Amino acid sequence: MRAPDRQGESVTTAKAKPGRLRYAILAMLFVVTTVNFADRSTLSIAGDAMQDDLGISSGELGVLFSAFSWSYLVAQLPGGWLLDRYGSKKVYGTAIFFWSVFTMLQGAIGFFAGAAVVLLFVLRFAVGLAEAPSFPGNSRIVAAWFPTAERGTAAALFNSAQYFATFAFAPLMGWLVVALGWEHVFTVVGGLGVVLALVWTKVVHPPRSHPRLSRAELTHLRAGGALVDMDQPTVDGQREETTSARRNVRYVGKLLRNRTMLGVFTGQFFINTITWFFLTWFPVYLVQERGMTILEAGFVSSLPALCGFAGGVLGGFLSDWLGRRGMPLTAARKTPIVVGLLLSTSILVCNYVTADWLVVAIMSLSFFGKGLGALGWAVMADISPRQIAGLAGGVFNAFGALAGIVTPIVIGYLIDATGSFDLALLFVGACAAMAVVSYLVIVRKIERMELDDIDESEAA
């Protein structure tokens, strides 16, 4: 016998199999995150041609590269608050649209050659502001749409899109520079994002509001610990929200005083240090320290990204598999994190080998380990307080963004001071080891943090 569900569809009342709509949501997150990182890398691909056409110096280009990271860091807490205040669908969709428009506008700065550097800095800064809600939004949506037993794989997949973006878009953007001009790198990638923002409005909804979610899948999500009511309106038509800026500041203080949260935040800083070495100094290392040509370095630089993608997908799958085999959540999450980050410390061995192929193999192993251990977003989906999941994700991402500012500066100083990359690789390897310490020593049990009720007189 069949009975209608809440959307007028039919499901089998006895042992109905849950649907797979959540995987369509995950696919959307993967595509959006891939385009997100393509937007971030447009200047890296087009920068050399822009220098020639617009007379941008290397020093000015370095400042332009930094514009994104500064605004991205500053906007993390406001971005997380907006997600909690207005919901993931609205805020994230608006963010996609605006960061794509700001990317497209960068293709027009050639018409303002005299002010190109200033305009490009402003637009890159604006892209960083607009992208701030992206990863906290990913984490909130995964927490709402995926049971705990599937959350590691889901979070690892959207996080691994950062590596996949290199393979999906770098060849296209390189071809656009050669065939059509650097301007079209920005207009094509930005235009794709505008279209994606429109698709987002049709595909993404909170679980209980989604017109195509079956009762069986909703039951499966709720029973497995998914926060299906996270963005759900209350009976009076308003979403549950934090109402006071002072209360949000108080919540940030609570997050930073919580031992598990602080350990995860600290671990993210050290893990992202590895990422930013590969994104910034790794090609320079290959050319200056290993004597490769720029063409060779460009090709070789893609290999660690591929290994990082493989490690990222495997880490999430392994964590969930261990959980299904009966391992407690804390051990299931920490095992791939610790193993992966210990593998990342192998980068130190590059100081003691001479063969180029061996250096590339070790670097690829190190980045594979980083991908395997990059389960921070899965852990955040497990531990963030339901009421402020976006704010918690913003704090977490701020620690990661801080690494994007600190790492290039520290490594550059070490190279200037010593004339080699030996201490730079020691710094990266030490950060990988400190991430292991964060998860083994500071983080104890991985469980959702509950907010104590704050007295209304204190919050007023």
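Each residue takes its place number in the sequence, starting with 1. Small disclaimer: the values here were computed from a predicted structure and weren't measured.
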Report task. For residues Trp276 and Ser69, determine if any side-chain heavy atom of one lies less than 4.5 Å from a side-chain heavy atom of the other. Result -> yes
Without placing hydrogens or testing angles, list every side-chain donor-acceptor pair under 3.5 Å for residues 24-33, not counting sequence neighbours.
from  : atom 1 : to     : atom 2 : distance (Å)
Thr33 : OG1    : Leu29  : O      : 2.8
Thr33 : OG1    : Asn138 : ND2    : 3.1

Query raised in the report: Hey, is Arg325 close enough to Asp320 for a salt bridge, meaning N to O under 4.0 Å?
Result: no
Requested in this report: Kindly compute the distance separating CG (Leu221) from CH2 (Trp145), expressed to the nearest 0.5 Å.
Outcome: 7.0 Å
**Report entry** Chi angles and distances behind the side chain to side chain contact (heavy atoms under 4.5 Å, CB included) call for Met327, Trp321
**Finding:** CA-CA 9 Å; Met327 183 176 286; Trp321 180 81; over 6 Å; no
**Report entry** Minimal non-hydrogen separation, Thr266 against Ser438, with atom names
**Finding:** CG2-OG, 3.6 Å
Query raised in the report: Do side-chain atoms of Ser344 reach the backbone of Lys370 as a donor and acceptor pair under 3.5 angstrom?
Result: yes
Requested in this report: Quick one: do Gln268 and Val264 satisfy side chain to side chain contact (heavy atoms under 4.5 Å, CB included)? Show the steps, please.
Outcome: CA-CA 6 Å; Gln268 183 67 0; Val264 174; 5.7 Å; no
Query raised in the report: Do the side chains of Lys254 and Met261 get nearer than 4.5 Å, heavy atoms only?
Result: no
Report summary line: Between Ala424 and Ile411, the two heavy atoms sitting closest are CB-CG2, 3.8 Å
Query raised in the report: Pick one: which of Phe164, Tyr163, Phe368 meets ring-ring contact (aromatic ring centres under 6.0 Å, His included) with Phe309?
Result: Phe164
Query raised in the report: Given Leu176 and Leu172, is the side chain to side chain contact (heavy atoms under 4.5 Å, CB included) satisfied, shown in steps?
Result: CA-CA 6 Å; Leu176 287 170; Leu172 171 63; 4.2 Å; yes
Requested in this report: Assess Arg124 against Phe121: is NZ or CZ under 6.0 Å from the centre of the six-membered ring, and within 45 degrees of the ring's axis?
Outcome: no
Query raised in the report: For Arg151, what residues pass the side-chain hydrogen bond (donor to acceptor under 3.5 Å, both in side chains) criterion, not counting sequence neighbours?
Result: Asp382
Query raised in the report: Would you call Ile442 and Val437 a side-chain contact if the rule is heavy atoms closer than 4.5 Å?
Result: no
Query raised in the report: Got a sec: does the CZ of Phe112 have more than 12 other heavy atoms crowding it under 6.0 Å?
Result: no
Query raised in the report: Are the side chain of Arg22 and the backbone N or O of Pro207 linked by a donor-acceptor pair below 3.5 Å?
Result: no
Report task. Take Ile388 and Trp81 through the test side chain to side chain contact (heavy atoms under 4.5 Å, CB included) and record every step on the way to the result. Result -> CA-CA 8 Å; Ile388 56 167; Trp81 175 81; over 6 Å; no
Query raised in the report: Are the charged groups of Asp84 and Arg140 less than 4.0 angstrom apart, N to O?
Result: yes
Kindly list each side-chain donor-acceptor pair under 3.5 angstrom involving residues 184-203, sequence neighbours excluded, with atom names and distances?
from   : atom 1 : to     : atom 2 : distance (Å)
Thr187 : OG1    : His184 : O      : 3.4
Trp200 : NE1    : Lys89  : O      : 3.0
Thr201 : OG1    : Leu198 : O      : 2.6

Query raised in the report: Counting heavy atoms not belonging to Arg259, are there more than 12 under 6.0 Å from its CZ?
Result: yes
Query - Trace of the ring-ring contact (aromatic ring centres under 6.0 Å, His included) decision for Phe125 with Trp70 - result: CA-CA 7 Å; Phe125 194 91; Trp70 284 105; 9.4 Å; no
Report summary line: Taking every heavy atom of Leu322 against every heavy atom of Pro336, the minimum-distance pair comes out as CD1-CD, 4.4 Å
Requested in this report: Could you check if a side-chain atom of Met449 sits within less than 4.5 angstrom of a side-chain atom of Ser384, using non-hydrogen atoms only?
Outcome: no
Query - Any residue meeting side-chain contact (heavy atoms from CB on, under 4.5 Å) with Thr345, in chain and number order, not counting sequence neighbours - result: Ala432, Ala433
Query raised in the report: Looking only at atom types and distance, does a side-chain atom of Ser319 sit under 3.5 Å from a main-chain N or O of Ala332, one as donor and one as acceptor?
Result: yes
Query - Whether Ser41 side chain and Ala38 backbone form a donor-acceptor pair below 3.5 Å - result: yes
Query raised in the report: So how far is it from Gln106 CD to Leu120 CG, rounded to the nearest 0.5 Å?
Result: 5.5 Å
Report task. Evaluate the side-chain proximity of Glu450 to Pro385: yes if any heavy-atom separation is below 4.5 Å, no if none is. Result -> no
Query raised in the report: Thr260 and Lys445: side-chain donor and acceptor closer than 3.5 Å?
Result: no
Query raised in the report: Which atoms form the tightest heavy-atom contact between Ile271 and Gly373, and what is the distance?
Result: CD1-O, 4.0 Å
Report task. Any chance you could measure Arg222, atom CZ, to Leu227, atom CG, to the nearest 0.5 Å? Result -> 11.5 Å
Query raised in the report: Do side-chain atoms of Thr273 reach the backbone of Phe269 as a donor and acceptor pair under 3.5 angstrom?
Result: yes
Query raised in the report: Do Ser209 side-chain atoms and His205 backbone N/O form a donor-acceptor pair below 3.5 Å?
Result: no
Query raised in the report: What is the distance from atom CZ of Phe317 to atom CG of Leu372, rounded to the nearest 0.5 Å?
Result: 12.5 Å
Query raised in the report: Tyr92 versus Pro133: any side-chain heavy-atom pair under 4.5 Å?
Result: no
Query raised in the report: Around atom CZ of Phe427, are there more than 12 heavy atoms of other residues, nucleotides or ligands at under 6.0 Å?
Result: yes
Can you list, pair by pair, the side-chain donor-acceptor contacts under 3.5 Å of residues 393-401, counting residues two or more places apart and other chains?
from   : atom 1 : to    : atom 2 : distance (Å)
Asn397 : ND2    : Tyr72 : OH     : 2.7
Asn397 : ND2    : Gln76 : OE1    : 3.1

Report summary line: Separation between OH (Tyr439) and CD1 (Ile446), nearest 0.5 Å, reads 7.0 Å
Query raised in the report: Residues in side-chain hydrogen bond (donor to acceptor under 3.5 Å, both in side chains) with Asp39, at least two apart?
Result: Trp99, Thr103
Report task. Working to the nearest 0.5 Å, report the span between CZ of Phe270 and CG of Leu341. Result -> 11.5 Å
Query raised in the report: Would you find more than 12 non-hydrogen atoms of other residues, nucleotides or ligands less than 6.0 Å from Arg444 atom CZ?
Result: no
Query raised in the report: Minimum heavy-atom separation for Ser364 to Pro304, with atom names?
Result: OG-N, 4.0 Å
Report task. Would you mind reporting whether Ser100 and Ile96 have side-chain heavy atoms less than 4.5 Å apart? Result -> yes
Report summary line: Taking every heavy atom of Gly152 against every heavy atom of Leu375, the minimum-distance pair comes out as O-CD2, 4.1 Å
Query raised in the report: Looking at side-chain heavy atoms only, is the closest gap between Phe37 and Ser134 below 4.5 Å?
Result: no
Requested in this report: Classify the side-chain pair His210/Glu217 by whether it contains a donor and acceptor separated by less than 3.5 Å.
Outcome: no
